[in-house]
Every structure is written in C-alpha cells, then in structure tokens.
Amino acid sequence: MPRPRAVVTGGAGFLGSHLCERLLHEGYGVLCLDDLSTGSPSNVAHLAEVGPFRLVRADVTDFVHVVGDVDAVLHFASPASPIDYLRMPIETLKVGSIGTLHTLGLAKEKKARFLLASTSEAYGDPQVHPQPESYWGHVNPVGPRGVYDEAKRFAEAMTMAYRRAKGVDTAIVRIFNTHGPRMRPDDGRAVPTFIRQALAGEPLTVAGDGSQTRSIQYVDDLVEGCLRLLGSTLAGPVNIGNPHEVSIEHLARLVRDLVGSASPIRHIARPEDDPTVRRPDITLARSSLGWEPTVDLADGLHRTIAWFRDSLVTPAAQQAV
Ligand code: NAD
Ligand code: UDP
C-alpha cells in the first residue's frame with residue numbers, strides 16, 4: 001500500500017502544526033501550505049524527523065497547485081484570533097472565500113477527501129444554548145467580527161456546493177475554543193493572555209463583568225475529532241468541542257490558581273459583538289464518530305501552562321537567574 005498523502009493549509013499555525021504531527025504519526029506524508037502570516041516555521045521544525053513532511057510558503061488565495069497524488073486536503077488556513085482577524089480583515093475574508101474555492105478545486109482535481117476547519121463563530125452570539133449543528137446562528141455581518149464569522153459561513157456554503165454540484169467528498173468541522181502548546185502568547189485569546197499575564201505577575205484582563213461563557217477544549221481532543229471525521233464518510237457540519245462551560249471570570253481565576261500567581265483581576269471593556277454564551281451540543285460527534293473529549297479543563301491548562309513556562313522568559317524567571 002502506498003503511503004497516503006495529505007495537504008494541510010495553515011499547517012504552520014497552532015492547530016495545523018498539531019494536525020500535521022498527528023497525520024505523520026498515522027502514516028501520512030504531509031505537505032503544509034502556509035503563508036506564515038500568523039504561523040511560524042518553528043512550529044513544524046521538528047516534523048521532518050517524524051515522517052515525510054514539507055513546508056511550502058504559499059498564500060492559498062493565489063492559485064494552489066500540487067504535483068502528485070493527494071488523498072486528503074485539510075483547509076485550516078485563516079487568521080483565527082480576534083486580534084489577528086481585526087488586523088487582517090480583508091485577508092480573513094479572502095482566505096475563507098477564495099482560499100476555500102482553491103482548496104476545494106485541489107480536492108476535486110485529486111479526488112481527495114476535503115476537511116474544512118469551520119468554527120463555533122458560525123453560531124455568532126447564539127440564541128439557542130447549547131448549540132446543535134442544526135442551529136443556523138445569530139451573526140452580525142457588518143460588525144467587526146463579521147469578517148471572520150461570515151468568511152467561515154461562506155466557506156461552509158462553498159464546501160456544500162462543491163459536494164452537491166461537483167461530487168467532492170467533503171466534511172466540515174465546527175471547532176470550539178481550543179488551547180494548547182504553540183499558541184502565541186500575544187495572540188489576544190483568553191487562555192494565552194491569562195497565562196502570560198499570570199506568569200508575569202501582571203493583572204489578568206477580564207472583559208466586561210466576566211460572566212460571558214466559553215467551553216474550552218485541549219488541542220489533543222480536537223485533533224482526535226478531526227482525524228475521526230476525516231476517516232469517516234460524514235459531511236457534517238460536526239461540532240468538536242468540550243461541553244464543560246465556564247465563565248471567563250472563572251477561567252481567569254483558575255489559570256491564576258494553576259500558575260500559582262498573585263496577579264489581580266482587572267476588568268476591561270468588552271469587545272463589540274462578543275458572544276455571551278457558547279457551549280457545543282456534541283450528540284452528533286458522540287453518536288456518529290464515537291468521539292468525546294478526554295482531557296478536562298484543569299488538566300489541559302496544566303499542560304498549556306507548562307509549555308508557556310518553558311517557552312516564555314518571564315520577568316520572574318529573569319530575576320531568578
Ligand atoms: P493560527 O493563526 O495559529 O493558524 C492559522 C495558520 O494559517 C497560520 O499558520 C497562518 O500563517 C496560515 N494562513 C493564514 N492565511 C493564509 C493564507 N492565505 N494562505 C496560507 N496560509 C495562511 O490559528 P489556529 O488557531 O491554529 O486556527 C487554525 C484554523 O482553525 C483556522 O481556520 C481557524 O479559523 C480554525 N479554528 C480555530 C479555533 C481555535 O480555538 N484555535 C477555533 C475555531 C476554529
Ligand atoms: N477575553 C478576556 N480577556 C482577554 C481576552 C479575551 O476577558 O484578555 C474574553 C473575550 O472577551 C471573550 C472570551 O474571553 O469573552 C474568549 O475570548 P477568545 O478571544 O479567547 O475567544 P472567542 O471570543 O473567539 O471565543
């Protein structure tokens with residue numbers, strides 16, 4: 001049997017790098033296409049030792065051409081943190097629309113299975129709680145977050161159009177908030193921000209009164225869910241997320257406790273259109289993929305904090321030297 005081959009767009013980013021690593025362990029050869037706008041070669045520098053891996057710097061909103069057979073196309077390229085997509089609004093819309101068009105075209109040409117990384121942001125500020133895949137969402141198209149939410153909703157529609165009109169074997173995963181090693185400490189998302197602040201002894205910046213909720217999963221669970229979906233014949237969308245829902249105030253205090261920090265909590269302004277609640281209904285993933293999260297919140301945070309401790313030179317560590 002020849003080795004299967006996967007193309008992963010955005011493979012030098014946080015989730016993409018974990019996905020590439022897991023695919024190599026599963027026996028795939030992996031070609032990573034990444035424009036390095038928010039990702040970094042250092043995230044995948046170790047992968048050449050794991051298996052046949054190649055990183056090619058490419059913007060998938062330009063024409064995508066790959067020589068040779070491809071069995072799977074995983075489209076993960078997109079700015080993903082609010083700071084990144086607010087800084088790159090046009091790029092975000094382009095990679096969700098034109099980038100999805102190009103990668104679907106690649107999957108069609110190669111007769112490959114296609115997996116789209118969509119998001120819980122497709123539900124916007126939800127009015128149904130928890131969110132099942134059948135919920136159509138509550139998104140403000142003209143607000144600042146619209147560039148990300150609508151790009152992903154367009155990407156989902158494009159994916160279903162290629163499935164229906166061109167017979168491409170497609171799947172859509174709706175990813176809920178995920179954390180783990182290789183997040184950028186300055187990407188503005190709650191988990192890396194709180195960890196960085198707690199390690200540095202700085203105030204933890206909680207938006208609004210902190211009563212808004214999120215349901216946060218560890219990266220290994222997400223990767224397992226993606227691999228199961230890729231290996232199935234399901235079209236989705238399928239929610240992959242940890243239903244354990246916590247308030248942001250609770251999350252900040254938990255991170256502070258796990259770090260062992262004395263940082264105070266500082267309340268800051270709540271961003272526009274910041275969703276009030278979010279929790280996945282994972283009935284479909286459970287019943288059709290036999291998937292459910294296995295890493296609980298505190299356990300996962302321990303691992304992410306350990307990685308940040310190793311990779312960040314904090315003021316406290318500098319003093320200790
Ligand atoms: P990330 O920023 O770490 O990774 C995104 C990667 O895409 C980066 O390496 C970046 O350089 C690359 N990229 C961006 N535009 C590109 C382009 N035009 N051409 C080629 N490469 C490009 O973000 P992440 O958290 O790893 O997110 C990965 C994917 O998962 C995204 O599609 C995101 O929308 C989705 N997602 C992530 C989360 C989460 O909690 N991390 C939640 C929901 C959905
Ligand atoms: N948040 C916060 N302080 C920060 C960064 C984020 O209170 O320094 C809040 C943010 O307003 C949101 C929640 O944490 O209510 C999750 O934000 P994140 O950017 O991690 O994910 P998303 O909003 O995309 O789900």
Side-chain angles (χ1 to χ4, degrees), residues 8-20 32-41 43-44 55-62 64 74-86 88 91-100 102-103 116-123 125 145 148-149 151-152 155 173-180 182-184 186-197 203-217 219 222 226 239-241 246-249 251-252 255 265-278:
V8 180
T9 75
F14 161 47
L15 295 184
S17 63
H18 288 275
L19 204 57
C20 289
C32 162
L33 302 178
D34 200 299
D35 71 353
L36 305 180
S37 52
T38 61
S40 162
N43 286 335
V44 289
L55 165 64
V56 172
R57 184 169 192 165
D59 179 343
V60 298
T61 66
D62 297 336
V64 176
L74 298 92
H75 182 35
F76 276 64
S78 172
S81 87
I83 281 191
D84 288 337
Y85 59 73
L86 296 179
M88 298 186 282
E91 291 85 345
T92 303
L93 283 158
K94 280 177 73 180
V95 74
S97 55
I98 302 166
T100 304
H102 289 164
T103 49
L116 173 70
S118 186
T119 169
S120 56
E121 301 282 349
Y123 301 120
D125 189 5
R145 294 174 84 102
Y148 183 64
D149 303 3
K152 291 292 184 177
V173 55
R174 287 193 182 140
I175 302 169
F176 282 66
N177 298 57
T178 308
H179 71 95
R182 302 186 204 130
M183 295 189 94
R184 297 193 336 266
D186 59 351
D187 84 357
R189 292 186 265 200
V191 170
T193 304
F194 293 157
I195 295 176
R196 174 177 53 77
Q197 292 168 334
L204 272 60
T205 49
V206 169
D209 67 2
S211 64
Q212 69 275 25
T213 67
R214 293 295 185 274
S215 305
I216 303 164
Q217 69 186 327
V219 62
L222 182 267
C226 290
N239 288 339
I240 296 290
V246 293
S247 74
I248 293 303
E249 176 86 16
L251 178 69
V255 167
I265 303 283
R266 179 192 293 158
H267 289 271
I268 59 168
R270 185 105 177 266
E272 198 176 333
D273 294 337
D274 188 32
T276 304
V277 290
R278 199 181 287 143

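Atoms within a ligand are numbered from 1 in the order they appear, just like the ligands themselves.
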Per atom 2 (O) of ligand 1, closest listed option by heavy atom (Leu33, Ile175, Thr38, Val44): Thr38
At less than 4.0 angstrom from any non-hydrogen atom of Val206, what atoms of ligand 2 do you find? 7 (O)
Strictly under 4.0 Å, does any heavy atom of Ser81 approach an atom of ligand 2? no
Which atoms of ligand 1 have any heavy atom of Tyr148 under 4.0 Å away? 33 (C), 34 (O), 36 (N), 44 (C)
Please round to the nearest 0.5 Å and tell me the distance separating atom CD of Glu91 and atom OG of Ser37. 8.0 Å
Test Ile248 against every option in Val206, Asp209, Leu204 by the side-chain contact (heavy atoms from CB on, under 4.5 Å) rule and name the one that passes. Val206
Evaluating non-hydrogen atoms only, which member of Ala80, Ala155, Gly11, Ser78 is closest to atom 5 (C) of ligand 1? Ser78
Indicate yes or no: at least one non-hydrogen side-chain atom of His75 is less than 4.5 angstrom from one of Val60. yes
Return yes when Arg270 approaches ligand 2 closer than 4.0 angstrom through a heavy atom, no otherwise. no
Out of all atoms in ligand 1, which are within 4.0 Å of some heavy atom of Val60? Include the element for each. 17 (C), 18 (N), 19 (N), 20 (C)
Hey, could you give me the CD1/OG1 distance between Ile268 and Thr205, rounded to the nearest 0.5 Å? 4.5 Å
So Arg174 and Ser120, do their side chains get closer than 4.5 Å, heavy atoms only? no
Proximal ligand 2 atoms for Gln212, defined as those under 4.0 Å from one of its heavy atoms: 11 (O), 15 (O)
For the residue pair Arg57 and Leu55, establish whether any side-chain heavy-atom pair is separated by less than 4.5 Å. no
Mind listing the closest non-hydrogen atom pair of Gly210 and Ser247 along with its distance? O-CB, 3.4 Å
Could you check atom 2 (C) of ligand 2 against the protein and tell me its nearest heavy-atom contact, residue, atom and distance included? Thr205 O, 3.4 Å
Quick check on contacts: which atoms of ligand 1 are under 4.0 angstrom from a heavy atom of Gly39? 8 (C), 9 (O), 10 (C), 11 (O)
For Thr178 and ligand 1, does the shortest N/O to N/O distance drop below 3.5 Å? yes
Considering heavy atoms of the protein only, find what lies nearest to atom 24 (O) of ligand 2 and give residue, atom and distance to 0.1 Å. Glu121 OE2, 2.9 Å
Provide the number and element of each atom of ligand 1 under 4.0 Å from a heavy atom of Asn177. 40 (O)
May I ask you to check whether Arg184 has an N/O atom sitting below 3.5 Å from an N/O atom of ligand 1? no
Can you see which heavy atom on Val95 is nearest to which on Ser78, and at what distance? CG1-CA, 3.6 Å
Heavy-atom distances under 4.0 Å are what count here, so tell me which part of Lys152 touches ligand 1: side chain, backbone, both or neither. side chain
Does at least one non-hydrogen atom of Gly99 fall below 4.0 angstrom from an atom of ligand 1? no
Region of Ser81 that comes within reach of ligand 1 [heavy atoms, distance under 4.0 Å]: neither
For atom 16 (C) of ligand 2, what's the nearest protein heavy-atom neighbour? Residue, atom name and distance, please. Arg214 NE, 3.7 Å
Check contact between Thr9 and ligand 1, using heavy atoms of the residue and a distance below 4.0 angstrom. no
Could you name the option among Ala207, Ser215, Pro275, Ala190 that has the heavy atom nearest to atom 14 (O) of ligand 2? Ala190
With side chain to side chain contact (heavy atoms under 4.5 Å, CB included) as the criterion, how do Ile83 and Asp187 come out once you've worked through the C-alpha distance, each side chain's angles and the decisive distance to 0.1 Å? CA-CA 6 Å; Ile83 281 191; Asp187 84 357; over 6 Å; no
Which distance, rounded to the nearest 0.5 Å, do you find between the OG1 of Thr103 and the CZ of Phe76? 11.5 Å
At their closest point, which heavy atom of Pro275 faces which heavy atom of Glu121, and how far apart are they? CG-OE1, 4.3 Å
Does any non-hydrogen side-chain atom of Val191 lie less than 4.5 Å from one of Leu251? yes
Answer side chain, backbone, both or neither: which part of Arg189 comes under 4.0 Å from ligand 1, heavy atoms only. side chain
Numbered atoms of ligand 2 (with element) below 4.0 Å of Pro82, judged on heavy atoms: 19 (O)
Gap separating the CG atom of Asp149 from the CG atom of Asp125, nearest 0.5 angstrom: 10.0 Å
Shortest non-hydrogen contact from Ala207 toward Pro271: CB-CD, 3.9 Å
Ligand 1 versus Ser118, non-hydrogen atoms closer than 4.0 Å: side chain, backbone, both, neither? backbone
Using a strict cut-off of 4.0 Å, indicate which atoms of ligand 1 neighbour a heavy atom of Ala58. 19 (N), 20 (C)
Give the atoms of ligand 2, by number and element, whose distance to some non-hydrogen atom of Phe194 is under 4.0 Å. 2 (C), 3 (N), 7 (O)
Which protein heavy atom lies closest to atom 13 (C) of ligand 2, and at what distance to 0.1 Å? Ile248 CD1, 3.5 Å
Using a 4.0 Å cutoff against the non-hydrogen atoms of Pro271, which atoms of ligand 2 qualify? 11 (O)
So which bit of Asp187 gets within less than 4.0 Å of ligand 1, heavy atoms only: side chain, backbone, both or neither? neither
In ligand 1, which numbered atoms sit nearer than 4.0 Å to a non-hydrogen atom of Leu36? 11 (O)
Please identify which atoms of ligand 1 are closer than 4.0 Å to at least one heavy atom of Gly13. 3 (O), 4 (O), 8 (C), 9 (O)
Which of the ligand 2 atoms, numbered from 1, are nearer than 4.0 Å to a heavy atom of Thr193: 8 (O)
Examine ligand 2 and decide if any of its atoms is less than 4.0 Å from a heavy atom belonging to Gly188. yes
Between Val95 and ligand 1, find which residue part has any heavy-atom pair under 4.0 Å and reply side chain, backbone, both or neither. side chain
Flag Pro79 as yes when one of its N or O atoms lies below 3.5 Å from any N or O atom of ligand 1, and as no otherwise. no
Considering non-hydrogen atoms of the protein only, which is the closest contact for atom 18 (N) of ligand 1, and what is the distance? Asp59 OD1, 2.9 Å
Near Asn177, which atoms of ligand 2 are under 4.0 Å from a heavy atom of that residue? 21 (O), 22 (P), 25 (O)
So for Arg145, does at least one of its heavy atoms come nearer than 4.0 angstrom to any atom of ligand 2? yes
With rounding to the nearest 0.5 angstrom, report the NZ to OG1 distance, Lys94 to Thr61. 4.5 Å
Identify, for atom 11 (O) of ligand 2, the protein heavy atom at the shortest distance, and state residue, atom and that distance. Asp274 OD2, 3.0 Å
Would you call Arg214-Asp274 a salt bridge at under 4.0 Å N-O? yes
Close side-chain approach of Ile240 to Ile175, heavy-atom, < 4.5 Å: no
Would one find an N or O of Ser37, backbone or side chain, under 3.5 Å from an N or O of ligand 1? yes
Working to the nearest 0.5 angstrom, can you tell me the gap between Thr92 OG1 and Asp84 CG? 8.0 Å
What heavy-atom pair brings Cys226 and Leu19 nearest, and what distance separates the two atoms? CB-CD1, 4.0 Å
Ignoring hydrogens, what is the shortest heavy-atom contact between Glu272 and Arg145? Give both atom names and the distance. O-CD, 3.8 Å
